[in-house]
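Residue numbering restarts at 1 for every chain, and letters A, B, ... go by the order of the sequence lines.
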Amino acid sequence: MQAPPAITRPATRATAISAPLPPIAFPEELPVSARRDEIARAIEANPVVIVCGETGSGKTTQLPKICLALGRGRDKLIGHTQPRRIAASSVARRIAQELNTPLGEVVGYKVRFTDHTRPGAAIKLMTDGILLAETQSDPLLAAYDTIIVDEAHERSLNIDFLLGYLKQLLPRRPDLKVIITSATIDAERFAAHFGTAGKPAPVINVSGRLYPVEIRYRPVKDEDDADDRTLMDAIVDAVDECALAGPGDVLVFLPGEREIREAAEALRKHRFGAAGPSPAAGPGTEILPLYARLSAEEQERVFKPAGARRIVLATNVAETSLTVPGIRYVVDTGLARVKRYSYRNKVEQLQVEPISQAAANQRAGRCGRVAAGVCIRLYDEADFAKRPKFTDPEILRSSLAAVILRMKSLGLGDVRAFPFVEPPPARAIADGYDLLAELNAVDEDNELTPIGRELARLPVDPRIGRMLLAARDHHALTEVLIIAAALSVQDPRERPLEAQAAADQAHRKFADEKSDFLSFVKLWNFVAERFEHKKSNRKLTDELKSNFLSPRRVREWREVHSQLAAIAGEMGWRGNSTPATFEQVHLSLLAGLLGNVGFKTLDADYREPPYVGARGIKFFPHPGSALAKKAGKWIVAAELVETTRLFARCLARIEPEWLEQVGAHLVKRHYFEPHWEKRAGHVAAFERATLHGLVLHARRPVAYSRFDPKLCREIFIREALVRGELPDEIARRAPFFAHNRKLAAEIEALEHKSRRPDVLVDEDLVHAFYDALIPPQVCDARGFEAWRREAEKATPRLLFLEREQLM
DNA sequence: TGGGGATTT
């Protein structure tokens with residue numbers, strides 16, 4: 001759909017007066033400043049420049065200013081993308097401050113839900129997702145004369161898509177300058193990607209301001225000691241080693257919450273255990289967990305330096321998203337939970353894996369920011385050397401349905417030909433199309449359907465978008481908007497390690513025994529009521545917290561909900577004013593979740609997976625579900641994730657009949673054992689219906705004539721006429737029937753007497769007799785009767801057999 | 001019996 005440019009084009013300089021440029025100063029202590037002439041020349045001479053700057057180089061804040069000094073950002077914007085919202089806003093603030101201008105005037109930022117740019121600004125910070133979203137209304141990115149993609153080495157889905165998009169766009173935008181910033185090791189790959197005529201894009205390396213980091217390898221198990229030393233023992237020893245090396249905070253990288261809890265216990269036990277206080281147990285030493293699910297307050301503790309030594313136990317959140325200040329020592333387990341997507345089973349996996357060399361070096365770098373640091377790796381150097389150099393980019397670890405949907409909707413042509421930095425394998429693309437077909441978003445030719453085009457307009461996962469489209473049709477939009485928003489954000493329910501039972505108790509009031517999805521609706525109503533009657537933000541926050549709800553995540557949920565509700569409003573969809581039924585809600589959810597259905601084959605005993613799902617996968621209900629112990633025969637799950645086991649999370653009971661309705665385009669039907677039904681007077685068969693291999697019904701009787709009329713006619717003649725199984729009331733009205741039966745009986749009796757019991761009336765002869773007379777379309781008793789009455793008007797004894805025909 | 005971290009028309 002093409003809208004008039006005046007509406008779709010983002011604010012450009014045509015209508016706004018540029019703010020007067022402030023003087024641009026470059027802090028001389030930043031390494032980038034010293035190289036600014038060289039960088040500026042490279043930008044002027046090349047469409048694409050790769051800038052490698054390690055932490056502390058100043059690239060993020062100074063590059064936009066170098067562009068500004070070059071006269072860019074005057075007629076069009078300098079766009080500058082960051083992987084995270086928090087970074088986009090804080091970088092904008094910092095640059096605005098350095099230019100001594102109010103935020104928004106010369107430097108603005110735009111992230112989801114917040115737009116702090118004014119017409120006339122020169123530099124716009126944004127998340128890479130925002131720039132990607134803008135390609136929908138501004139395919140040439142005409143609002144920009146310069147685009148800086150920062151932190152490209154993070155290789156998120158958005159970044160990889162953006163790098164492909166820019167590569168394709170550049171020939172059509174010869175005036176556009178693109179700057180990619182990256183960690184040094186990835187530079188060559190990006191340079192080659194943006195090369196022209198066999199010549200790679202220029203790379204400029206800017207040193208960082210990292211202090212040297214000493215790497216020490218301390219594997220959990222030494223070759224010669226075959227004892228049962230565990231990872232936790234190794235962590236305790238490594239922390240001791242750090243403590244002996246001198247003062248300073250320690251950052252320990254662990255794969256997840258569970259390991260963080262174990263490590264905290266091990267460290268506490270070690271400090272207070274029988275062996276006496278360890279060197280790490282200086283007075284007031286603090287052990288601080290750090291992971292994303294932690295409440296804001298708990299995370300805050302990490303940023304408030306205390307007097308005593310702190311030991312921070314962190315997940316990957318501390319690798320890129322959060323910078324823990326003042327770290328002198330890093331202890332690296334070399335492990336992380338990594339999300340992957342299994343094309344074979346079509347489930348997500350979240351399993352502990354050894355991290356790449358690049359990630360290990362990033363972790364080590366976290367202790368060299370304030371002074372020389374020490375990184376203790378709990379594996380040996382040979383182990384490090386044989387690890388992959390890079391972490392697989394997200395695009396090679398994800399379902400591609402959303403990427404394909406967006407590419408189709410932007411008209412970017414063949415997915416296989418798109419210039420990805422690392423093209424996904426063909427089977428991954430095929431799998432993405434499979435999911436889109438399951439959602440009815442593409443047709444047999446893999447072209448977008450009207451549903452697909454609508455899906456592409458919704459800023460949510462295609463599965464979730466599909467629920468919304470179905471809800472519009474099932475009059476369940478009010479409930480499903482709440483559920484869809486909830487499924488798009490992190491669970492607002494907190495479950496702190498030290499208060500799990502209390503949290504579960506607080507959340508129990510939202511539970512619905514038939515559907516975890518409906519607990520989101522109950523929770524929504526609870527929260528909405530408190531927002532409506534709030535006395536103060538403080539009180540509201542306290543009330544949420546006392547119910548173990550994260551205020552931050554509740555806010556995100558409400559923001560996503562209002563964004564989706566606004567889009568629904570723009571599309572003219574109407575919410576239901578009366579509550580939708582369980583069936584209406586879950587028919588809608590099923591439209592997006594047909595691949596996540598399960599059938600219970602075993603009673604749950606926690607040893608074998610009780611449910612079988614699509615393509616024969618077997619899974620457990622997640623123990624956090626209200627249905628975990630009493631889920632029904634048929635369930636649907638919001639997601640299937642393989643962690644320690646394959647778990648289905650967020651469950652609801654469903655009826656198998658709903659699957660036939662919602663999954664009509666996927667149901668495979670197989671018919672077998674066609675047979676004559678005397679009372680019904682027709683041929684019946686049994687139907688076996690499957691959805692993704694899951695048996696919906698195994699032996700449902702169906703009238704068979706519409707599937708195979710020819711075979712039905714054969715069976716009708718043989719069973720009803722030759723063998724005499726015509727329904728009685730039809731037989732009584734048909735004199736030929738009694739006549740022919742009697743004749744056959746007489747002949748049989750005669751042949752019996754003549755001691756030739758092997759020779760009976762030849763069924764084939766009788767069959768041929770009827771077959772020659774009865775028209776092809778007759779295949780059941782009723783059709784036969786109608787034909788016979790007409791035919792006998794002309795020839796009354798048409799169907800009467802003669803004795804010699806049978807002998 | 002229990003999930004790393006981000007992002008969006």
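- The residue A:Ala402 sits apart from the nucleic acid: no heavy atom pair falls under 4.0 Å.
- No engagement by A:Glu353 is indicated, since no non-hydrogen atom pair under 4.0 Å with the nucleic acid exists.
- Residues passing the side-chain hydrogen bond (donor to acceptor under 3.5 Å, both in side chains) test with A:Lys509, sequence neighbours excluded: A:Asn547.
- Scored by the ring-ring contact (aromatic ring centres under 6.0 Å, His included) test, A:Tyr341 finds A:Tyr343 as partners (sequence neighbours excluded).
- The aromatic rings of A:Phe647 and A:His622 sit perpendicular to each other, their planes meeting at more than 60°, with 30° as the lower class boundary.
- Residue-level contact check: A:Ile567 touches neither bases nor backbone, having no heavy atom under 4.0 Å from any strand.
- A:Arg84 comes within 4.0 angstrom of sugar-phosphate atoms only, judged by non-hydrogen atoms across all strands, and of no base.
- With sequence neighbours excluded, no residue satisfies side-chain hydrogen bond (donor to acceptor under 3.5 Å, both in side chains) with A:Ser90.
- Rounded to whole Å, the distance from CZ on A:Phe619 to C1' on B:dG2 is 17 Å.
- Following rounding to the nearest Å, A:Asn158 (CG) and B:dG5 (P) show an atom-to-atom distance of 18 Å.
- Sorted by first then second residue, the side-chain hydrogen bond (donor to acceptor under 3.5 Å, both in side chains) pairs that include residues 553-562 of chain A, not counting sequence neighbours, are A:Arg85-A:Glu556.
- Across all strands shown, A:Glu394 has heavy atoms under 4.0 Å from base atoms, whether or not it also approaches the sugar-phosphate.
- Contacts of A:Val338 with the nucleic acid, taken as non-hydrogen atoms under 4.0 Å apart, are absent.
- Nucleotide B:dG5 holds its P atom 7 Å from the CD atom of A:Gln490, rounded to whole Å.
- Rounded to an integer number of Å, the gap from CG of A:Leu458 to C1' of B:dT7 is 16 Å.
- If you check every strand for non-hydrogen atoms under 4.0 Å, A:Arg495 touches a base.
- Non-hydrogen atoms lying under 4.0 Å from DNA chain B are contributed by A:Tyr291, A:Ala292, all within residues 287-294 of chain A.
- Within the 4.0 angstrom heavy-atom criterion, only backbone atoms of the sugar-phosphate kind lie near A:Gly256; the bases stay farther away.
- A:Glu319 places its CD atom 10 Å from the C1' atom of B:dG4, with the value rounded to the nearest Å.
- In terms of the side-chain contact (heavy atoms from CB on, under 4.5 Å) criterion, residue partners of A:Leu294 (sequence neighbours excluded) are, by chain and number, A:Tyr291, A:Glu298, A:Gln299.
- Between the side chain of A:Arg85 and the base of B:dT7, no donor-acceptor pair under 3.5 Å is found.
- Protein atom CD of A:Gln362 is 13 Å distant from nucleotide atom C1' of B:dG5, rounded to whole Å.
- Evaluated for a side chain to side chain contact (heavy atoms under 4.5 Å, CB included) with A:Leu254, the options A:Ile235, A:Asn316, A:Thr315 yield exactly one hit, A:Ile235.
- For the pair A:Arg337 CZ and B:dA6 C1', the computed distance is 18 Å after rounding to whole Å.
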Exercise for the section: Could you give me the CA-CA distance, side-chain angles and deciding distance for A:Phe161 and A:Phe418, then say whether ring pair (Phe, Tyr, Trp, His ring centres under 6.0 Å) is met? Expected result: CA-CA 9 Å; A:Phe161 195 3; A:Phe418 188 74; 5.6 Å; yes

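- Among the protein residues, A:Thr644 comes within range of the sugar-phosphate backbone only, with heavy atoms under 4.0 Å from sugar or phosphate atoms but none that close to a base.
- Each of A:Lys339 and A:Thr127 was matched to the nucleotide of DNA chain B holding its nearest heavy atom; the match closer to the 5' end belongs to A:Lys339.
- When the side-chain nitrogen and oxygen atoms of A:Gln563 are compared with OP1 and OP2 of B:dT9, one or more of them lie within a distance under 4.0 Å.
- Put simply, A:Ser156 has no side-chain N or O that comes within less than 4.0 Å of OP1 or OP2 on B:dT7.
- When the C1' atom of B:dG2 is taken as reference, atom CZ of A:Arg493 falls 14 Å away, rounded to whole Å.
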